[in-house]
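Note that the numbering runs from 1 along the sequence shown for the chain.
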Amino acid sequence: MYHKARILMSALATGALLTGCPADDSSSSSATDPQILLAPAPPEFPGADAFVAEIDNPYLNYARGRVFTYESESDEGVETIVIEVTHDTKTILGVDTTVVRDQVFLNGDLIEDTFDWFAQDQDGNVWYFGEDTVEFENGEPVSTEGSWEAGVDGALPGIIMLAAPIVGMKYRQEFALGVAEDMAQVKSLKAEVDILFGEFDGCLETKEWTPLSPGGSERKLYAAGTGLVLELSTKGNGNQRRTELISIED
């Protein structure tokens with residue numbers, strides 16, 4: 001689930017560290033990357049009866065009303081990402097999904113506003129059913145590129161977080177041809193993260209990529225009971241950025 005407005009970030013100058021991650025190809029991806037050439041098929045939708053009302057997968061920590069704030073820096077200034085797990089629902093394919101609002105601010109100005117739709121199945125997998133996203137420039141909406149909804153125009157839901165991740169496992173997070181084609185692979189279950197918010201070990205590390213952005217990839221670190229704590233991204237031109245968790249509020 002790439003954020004289109006977050007591609008200009010450089011390293012966050014806070015002294016944050018990432019250790020314990022395997023030395024592999026996680027920092028790069030291209031059109032010839034076997035990760036892309038051997039793309040996993042979209043997961044089989046289990047049907048509306050297979051879903052539960054709440055999301056309690058420990059790697060997401062998406063209790064209703066919870067707000068996560070992340071921060072990064074770029075040449076343009078400070079970018080702040082606020083993710084709010086709302087009490088709202090949206091019915092998609094017969095499933096009452098949880099609406100999660102994801103806002104991106106650059107130097108305090110809103111540049112992206114997205115409503116994502118998630119639901120957890122009985123096994124604990126969290127599915128992604130689409131997003132309604134708007135980009136802004138100078139306070140005015142300029143694009144809805146990347147918006148999609150499962151069941152519309154052939155779009156299919158994917159799995160955003162596995163119930164029982166296994167190192168090496170690949171999975172589709174979303175599928176709307178030419179619009180949303182994110183994929184992921186589990187890279188580690190033993191990663192360690194040391195950021196200003198705290199120190200974490202035994203973290204889940206994933207790599208995400210999409211053929212719609214050749215050469216780009218994201219490494220995400222999740223701590224059980226906390227959620228996403230650190231994101232490291234690389235663009236196709238080699239520019240890198242990091243985004244860190246700075247607060248959680250209930």
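Of all heavy-atom pairs spanning Glu205 and Ala191, the tightest one is CB-CB, 4.3 Å. Among all heavy-atom pairs drawn from Val186 and Pro165, the shortest one is CG2-CB, 3.9 Å. For the residue pair Val167 and Lys187, the shortest heavy atom distance occurs at CG1-O, 3.7 Å. Nearest heavy-atom pair across Val95 and Ala119 is CG1-CB, 3.6 Å. Listed here is the closest heavy atom pair of Lys207 and Ser217: CE-CB, 4.0 Å. Taking every heavy atom of both residues into account, Gln185 and Trp209 meet most closely at N-CZ3, 3.7 Å.
Remark: side-chain polar atoms of Asn125 are paired, donor with acceptor, to backbone N or O of Ala163 under 3.5 angstrom. Side chain of Ser233 to main chain of Glu218: no donor-acceptor pair is present (N/O by atom type, distance under 3.5 Å, no hydrogens or angles).
Leu212 and Leu177 fall into different hydrophobic clusters, defined by Ile, Leu, Val, Met, Phe, Trp and Tyr side-chain heavy atoms under 4.5 Å apart, directly or through other members. By the rule that hydrophobic residues join a cluster once side-chain heavy atoms approach within less than 4.5 Å of another member, Phe129 and Leu60 end up as members of one cluster. Hydrophobic clustering, with ILVMFWY side chains joined whenever heavy atoms are under 4.5 angstrom apart, groups Met169 together with Ile160. Leu204 and Phe118 fall within the same hydrophobic cluster, where Ile, Leu, Val, Met, Phe, Trp and Tyr residues are linked whenever their side-chain heavy atoms come under 4.5 Å apart, directly or through other members. Using a 4.5 Å cut-off between side-chain heavy atoms of Ile, Leu, Val, Met, Phe, Trp and Tyr, with links allowed through other members, Leu189 and Val126 fall into the same hydrophobic cluster.
Between Arg66 and Ile248 the shortest side-chain heavy-atom distance falls below 4.5 Å. Side-chain contact check for Tyr171 versus Pro43: every heavy-atom pair is 4.5 Å or farther apart. For the pair Pro58/Tyr222, no side-chain contact is recorded, criterion being any heavy-atom separation below 4.5 Å from C-beta on. Contact check for Asp121 versus Trp127: side-chain heavy atoms found under the 4.5 Å cut-off. At a threshold of 4.5 Å between non-hydrogen side-chain atoms, the residues Glu181 and Arg172 count as touching. With a 4.5 Å cut-off on side-chain heavy atoms, Glu199 and Glu192 do not count as touching. Looking at Met183 and Pro40, their side chains come closer than 4.5 Å, going by heavy atoms from C-beta outward. By the 4.5 Å heavy-atom criterion applied to side chains, Thr80 and Thr69 are counted as neighbours.
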Practice item. Kindly indicate, with the supporting measurements, whether the criterion side chain to side chain contact (heavy atoms under 4.5 Å, CB included) is fulfilled by Phe68 and Ile81. Key: CA-CA 8 Å; Phe68 302 81; Ile81 300 96; over 6 Å; no
Review point. Under the side chain to side chain contact (heavy atoms under 4.5 Å, CB included) criterion, do Leu245 and Thr226 qualify, and how do the steps go?
Key: CA-CA 10 Å; Leu245 176 67; Thr226 301; 3.9 Å; yes
Practice item. Report the C-alpha distance between Trp117 and Val99 in whole Å, list the side-chain angles of each, state the deciding distance to 0.1 Å, and finish with yes or no for side chain to side chain contact (heavy atoms under 4.5 Å, CB included). Key: CA-CA 5 Å; Trp117 308 308; Val99 178; 3.9 Å; yes
Exercise for review: Walk me through it: do Val82 and Phe105 pass the test side chain to side chain contact (heavy atoms under 4.5 Å, CB included)?
Suggested key: CA-CA 8 Å; Val82 180; Phe105 301 85; 4.2 Å; yes
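Within the structure, every pair that satisfies the side chain to side chain donor-acceptor pair (under 3.5 Å) test and touches residues 39-59, not counting sequence neighbours, is listed here: Glu54-Arg64, Asp56-Gln120.
Note that CH2 of Trp148 is 12.5 Å distant from CG of Asp132, once rounded to the nearest 0.5 Å. In this structure, CD on Glu231 lies 5.0 Å from OG1 on Thr243, to the nearest 0.5 angstrom. Here the CD-NZ distance, from Glu149 to Lys90, works out to 4.5 Å after rounding to the nearest 0.5 Å. Residue Gln173 holds its CD atom at 9.0 Å from OH of Tyr128, rounded to the nearest 0.5 Å. Rounded to the nearest 0.5 Å, atoms CG (Leu232) and CG (Leu221) are 6.5 Å apart. Summarising the geometry, atom CD belonging to Glu76 is positioned 6.5 Å from atom CG belonging to Leu106; distances are rounded to the nearest 0.5 Å.
Only one option out of Asp116, Thr144, Thr114 pairs with Thr133 in a side-chain hydrogen bond (donor to acceptor under 3.5 Å, both in side chains); it is Thr114.
Residues Phe197 and Tyr70 place their aromatic rings such that the two centres sit no closer than 6.0 Å.
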